[in-house]
Structure formats: structure tokens, C-alpha cells
Amino acid sequence: MSERKNSERAKGFSLLKIVPSKSRGKLVTVLIPVVFFAVCALLVNLGVLRSHFAGLLVPLCYYIIMAVSLNFTVGILGELSLGHAGFMCIGAYVGGLFTLLTQDSITSAWIRFPIAILLGGLIAALAGFLIGVPILRLRGDYLAIVTLAFGEIVRNLVQNIYLSRDKAGLHFSFTNAIEPERLDPATNVDIMKGPMALNGISPDATLLISVILVVITIIVILNMVDSRAGRAIMSIRDNRIAAESTGINITKYKLIVFSLSAFFAGIAGVLFAHYSTVSPPKFDYNMSILILVFVVLGGVGNIRGSIIATAILYILPEVLRGFQSYRMLIYAIVLIVMMLLNNNERFNAWKKNTTERFTAWRKGLFRKKSGKEAE
Amino acid sequence: MFISYLLSGISLGAIYALIALGYTMVYGIAKMLNFAHGDVIMVGGYIAFTISVTLGADGWIALLGSIIFCTLLGITIERVAYKPLRGASKLSVLITAIGVSYLLQNVALLIFGSASRNFQALIVVPSVEIGSVTIPGNTILTIGVSVVIMIVLTLFINKSSAGSAMLAVSEDKGAAQLMGVNVNKTISLTFAIGSGLAAVAGILMCTQYPNIGPYTGQMPGIKAFIAAVFGGIGSIPGAMLGGIAIGVIENLSKAYISTQLSDAITFAILIIMLLVKPTGILGKKLNEKV
């Protein structure tokens, strides 16, 4: 009798036990951001946290999406992409323009915003695919520098677009402002003014939608990693030549990774556009590096790590005032120190040792507890 | 008009070539992309600025001080950040290099502030008039200095024993070590020369475009890398050729196509180049060992 009770209690001890042990890790990874954002939202509503803090939650969501999707390229495929901000830029402008152009005709944000998200993501994925076809023949340093060049080209081109709308329709101009004669002054609305910010996008990116998108991103990427395709991708990372000789189509899988990663970066861009003001300089090289720092601190190839590192590195400097001016300096040091430590034999041995001891300690604790309960 | 655009393009290209030499030498020997190289230019500019303006010293002392500082900086960076990673994955080395680049930028930002400073020319050369074309003194200075440096560097690499050691290490590190070449010393020397050249490039650049800020080195650094790839990475004549080519292309596209789009055009050239001939104009094709 008591034995049965015990086993039932053990089942109830952790909800996670319902899930097959294989998926437990994934579930934890998905639950971390959900619980975190739920607790934060609650604390903000109760007035425990300042409203300044509430303003950080949606940006944190799109940075998490960026970090997770970049980690898919850097950690799972093993190629460094320095143009991730370029895809975000495409998503932000496509999604933002869609909302700007349709917010008079489609009034419900519940219809308009999902379309904007899909559209932004798909166009970014298309860009990822198109740029991927030629450049994925390259590897390593060359690929990194070309993705950097791609990001700069996107920013440079967007910075030169002029778009206006009047009763005659849309007017478009490249590199030079639109001549005033072409526009009807009474009904003209400037939509894109070169390097200036996009104005008047309805702020549709609520915390709920953002968290849902974070969860979708994490689930898709985690399942992708855990699939046949994911194993093929990781085999390319671990030994390209061996993978190729076992018949894995490298170009195909690289394109899948690149497009999927760009798709989620595009979605993050749409969220960005519907939360804060969008202007081309925001999507520069530094943005790509910022995301890379999140990925590196969390552990290259570790999705859960990316989520946690993004939260820590994004929120800490915002909360600790006075720390702001040293923020970038600390990011730089994080990059160098993490790389040096990861490649240091003594540190790795110490890390392995500590992890083993911790696991043993945790197991021992659990056994003691269940033993007590049995008595 | 065309001649003067061409001349200023060559002078810009000569600066790119000096920076590209550092990239290409380090790439040839350490097989790594030294992302921080562009920021050493900025450091060189700031040191020269500090010595000549803040301390009020002579231009030549500023030049010398800046070169020495950057040389030491290059060696330090290699020892502290890159040497422990020899043999690590390319990804780790690249991320570390990005980290060093970021570190230099942000240290400069903290010390000198984000506002850009007005850089006064250390060495003034009078301009020359040939027929209807006026050649500015800066252009003469830049091209002259670059040509001298390139000749000296070529002689150094081909004639001196340290230069042969460099060539040997870039060919085959293991074999060079077995032949008694001190690989660590050679790599340090390469970083020292590359960073010294970056200091010269930084001063020449600040003389031509008299402004210096924490991010001054970033764009020229990336473009010089493009130049190195264009000419064939690892090849020293390639870096010179590539630098001049990129400088001329950039200036002509600024003049005849669009000022705002000139960066995009330069980057597009890199992408096209890598697709058509990934080894660059003068690069050697390396066969992959399994």
C-alpha cells in the first residue's frame, strides 16, 4: 500500500515525469522563458518591479529569438554568420511597411500582425536562401566576412530607399529623395525617408505574442536539431568531408539552416519594428556582434544557454545603472575570456570534474529523500 | 577630373594596401583572420594624436611613438589572445579576434570619448601642379610612403633570414619547426610588422581625412580585408594590387555612381570575387587534405 503511494508520489513529485525522458530537456528549455516572462509580468502588474523593467521584456523576447536562431547557424551548423542583423533588418522593414500600408484597411491587429510576422519572416528567409545559394560554397573566415558584407549591403540599400504615398498611389525613389513635383502635397505621406526612422507603425508587439513567438522558435529549432536533418547538419559541423562521403547533401542542409535561421531573425525584426522605432543604423555590424556575444556566453551549440545568457546580458546592464558605459567593454571581455577558457585544458578538466560532482551530489540528495519517504 | 579621382583613389588604395599587407601576412602565417587589425589603425592614430597634440611633441616623434606602440600592441594581442588558441577551431579564433577588435574600440571609447577629434597633419608636403592637374601633398606623401614600405618589405621577406623563416612557416609550420625555425618568434614578428604597418596606415589615413574616433578603423579594416581577398589572401604583391584596386573602384564609384552606395558596391565586389575566383587575383589554390 505504502509502496504504491510512494510510486504515485514519485510520479507527482515532478510534472516532468509525464513527458518521455527523451523530451524532458526540451520541455525545460521551453518552460524557462515561459515561467520567466510570466513571473516578470506578474511582478510588474503587482508593482514590485518598476515599469522601466516592463519595457525590457519585449526586446528581451526578440533578442532571445535572434540568439536562438543565430546559435542554430553558429552552434549546430558550425559556420559563423556576422550578418544576422541584416535578416533582422529585412524582417523589420517588410513587417513594418506592411503594417504601415495596411493599418487603415485592416483595423484588427489580430489579423494584421500575424500576416506581418509571416511576411517579414518569409521575405527574410527568401533573402537567406538567395544569398545562401552562392555564398555557402565558402567556409569559415570567408563565409563570416561575406555575411558581414551582406549585412552591410542590406543596411546600405535600405538607407537609400525613399517611399511616399499620396492619392495617386505609391512613389518610389532610390538614392535621391523624391522630387516634390511628383507628389500631391495635400494627401502625401512620407513612408520611408532614406536614413530616417520609420514612423507611425502601430505598436502591436505585445508581451503575449512575443512570448508565443519565442516558444515557437525554441520548439522548432530544438525539434530541428533532434531530427534526421539536425543530425546531418551536426555531422557537417563535426567533419564535413566524412559527412559528404556518406552521401549527405551539404549545400541542401546549409541552405535549410540559413533560411530557417533567417526566417526567425526576420520574425524578431518584425517584433522590433512593432515595438520600438526602426532606422537603418540600428541593424549594423554591432547588432550582429551583440547577438553573437549572447550565443557565445550561453555556449555555442547550447540553445538553453543562449536563452539564459541573453536574459542575463540584456537585463543586467539595463538594471544596474552606471554599468551602462562599461557594457560594451564587458561584452568584449566576455567574448575573449569565454573562448580562452573553452580552449583551456585545465579549465575544461575542472569543469567536467565539478559537473560530475554536482550530478553525484544531486543524485545522492534525491536518493536520501526518497529513502526517507519510504520509511 | 578623371585623373584627380584616379589619383585620390590610388592614394586611398595605398592606405588599404598597407592595412591589407598586415591581414595577408598574418593570414598566411597564423592562418587566422585578425579582425582586430583594423582597430590597430585607430589606436595608431590616437597615439599619434596624443603625442603630437596633447603632449605637443614633434610630428616625427609622434610617428615613431605610434609605430612602436602599435608594434608592441600587436605582439601583446598575439601572445595574450591568439597564442593559447593555436590549434583550436577556426570559429573560436575568429570569435576571439572579434572580441579583441571590440575591446580596442571600447577602450578607446572610454579613454577618448565618442566624439571624433580633429587630427592635424604630422608631416606637411606641398602640393604639386602638373599642367592642369593639381596633386595634393597628402596624395604624394601617401603614395610615396607606401611605395617605399612595399619595396622594403618585399626585400625583407625575400632577402633576410627572418623573411625566409616567415615564408617557411606560411608554407608548412611543422616542417619549418623541424628545420629549426622558431615558429613562435616568427609569428610574433609577423604580428609586429603588421601592426607597425597599421600604425603608418592609420597616420596616413588621419592625415588625409583629418578626423579620428573610436570607430575610425572599422570600415577601412573591413575594406582592406576585402582588398586582401581580392588580391589573393596570403600573397604580398596581391595585397598591394588588391588595395589599390579597391581604393580606385571605391573612389570612382563615389564619383560616377553614387556616394551613398559606394560601400555596397565594394562589398558586392567582394562577394562576386569570391564566387568567381575565391583565391583572388594572385592567390594560389590550396588542395584540401583529407
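Labels below follow one simple rule: chain letters A, B, ... track the order of the sequence lines, proteins then strands, and each chain is numbered from 1. Heavy atoms only: backbone and side chains are in, while hydrogens, waters and symmetry mates are out.
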TODO: May I ask you to test the B:F35-A:L148 pair for a side-chain heavy-atom distance under 4.5 Å?
DONE: yes
For atom OH of A:Y162, is the number of surrounding heavy atoms from other residues, nucleotides or ligands below 6.0 Å larger than 12? yes
CD1 of B:I271 to CZ of A:F150, rounded to nearest 0.5 Å, is 8.0 Å
Under 4.5 Å to a heavy atom of chain A? For B:I222 that would be side chain
On a heavy-atom basis, the closest approach of B:A268 and A:I153 is N-CD1, 3.8 Å
Output for pair (B:L103 CG, A:M328 CE), nearest 0.5 Å, gives 13.0 Å
If one checks every heavy atom of B:S258 against chain A at 4.5 Å, the contacting part turns out to be side chain
Whatever's closer than 4.5 Å to a heavy atom in chain B on A:V334 counts as neither
Taking every heavy atom of A:N156 against every heavy atom of B:A264, the minimum-distance pair comes out as ND2-N, 3.5 Å
Turns out that what part of A:L292 lies under 4.5 Å from chain B's heavy atoms comes down to side chain
When the 4.5 angstrom heavy-atom criterion is applied to B:M273 and chain A, the contacting part is neither
| field | Exceeds 12 heavy-atom contacts within 6.0 angstrom, atom CE of B:M219 | value | yes
Checked A:I289, A:V293, A:V146 vs chain B; the most non-hydrogen pairs under 4.5 Å come from A:I289
Q) Given side chains that start at C-beta, do those of B:N106 and A:I330 come closer than 4.5 Å, heavy atoms only? A) no
Smallest heavy-atom separation, B:G99 atom then A:L335 atom, equals CA-CD1, 3.7 Å
Review point. More than 12 heavy atoms of other residues, nucleotides or ligands under 6.0 Å from NZ of B:K277: is that the case?
Key: yes
Rounded to the nearest 0.5 angstrom, the CG-CG distance for A:L329 and B:L109 is 9.0 Å
dist B:L261:CG -> A:N160:CG (nearest 0.5 Å) comes out at 4.5 Å
Comparing A:Y331, A:Y142, A:Y326 against chain B, the one with the most heavy-atom pairs below 4.5 Å turns out to be A:Y142
Among residues 73-81 of chain B, those lying within the under-4.5 Å heavy-atom range of chain A are B:V80, B:A81
Whatever's closer than 4.5 Å to a heavy atom in chain A on B:L270 counts as side chain
Of A:I145, A:V296, A:V74, A:V154, the largest count of non-hydrogen pairs under 4.5 angstrom with chain B goes to A:I145
query = Is there a side-chain contact between A:N286 and B:Q218, using heavy atoms and a 4.5 Å cut-off?
reply = yes
Shortest non-hydrogen pair, A:A144 vs B:L94, comes out as CB-CD2, 3.6 Å
Heavy-atom check, side chain of A:I336 versus side chain of B:I95, under 4.5 Å: no
Most contact-rich option vs chain A, by heavy-atom pairs under 4.5 angstrom, among B:Q260, B:M32, B:Q105, is B:Q260
>> Can you confirm whether more than 12 heavy atoms, excluding those of B:F69, are under 6.0 Å from its CZ atom?
In response: no
Looking only at heavy atoms, the pair that brings B:L85 and A:M339 closest together is CD2-O, 3.7 Å
Can you confirm whether A:L290 sits close enough to B:Y102 that some side-chain heavy atom of one is under 4.5 Å from a side-chain heavy atom of the other? no
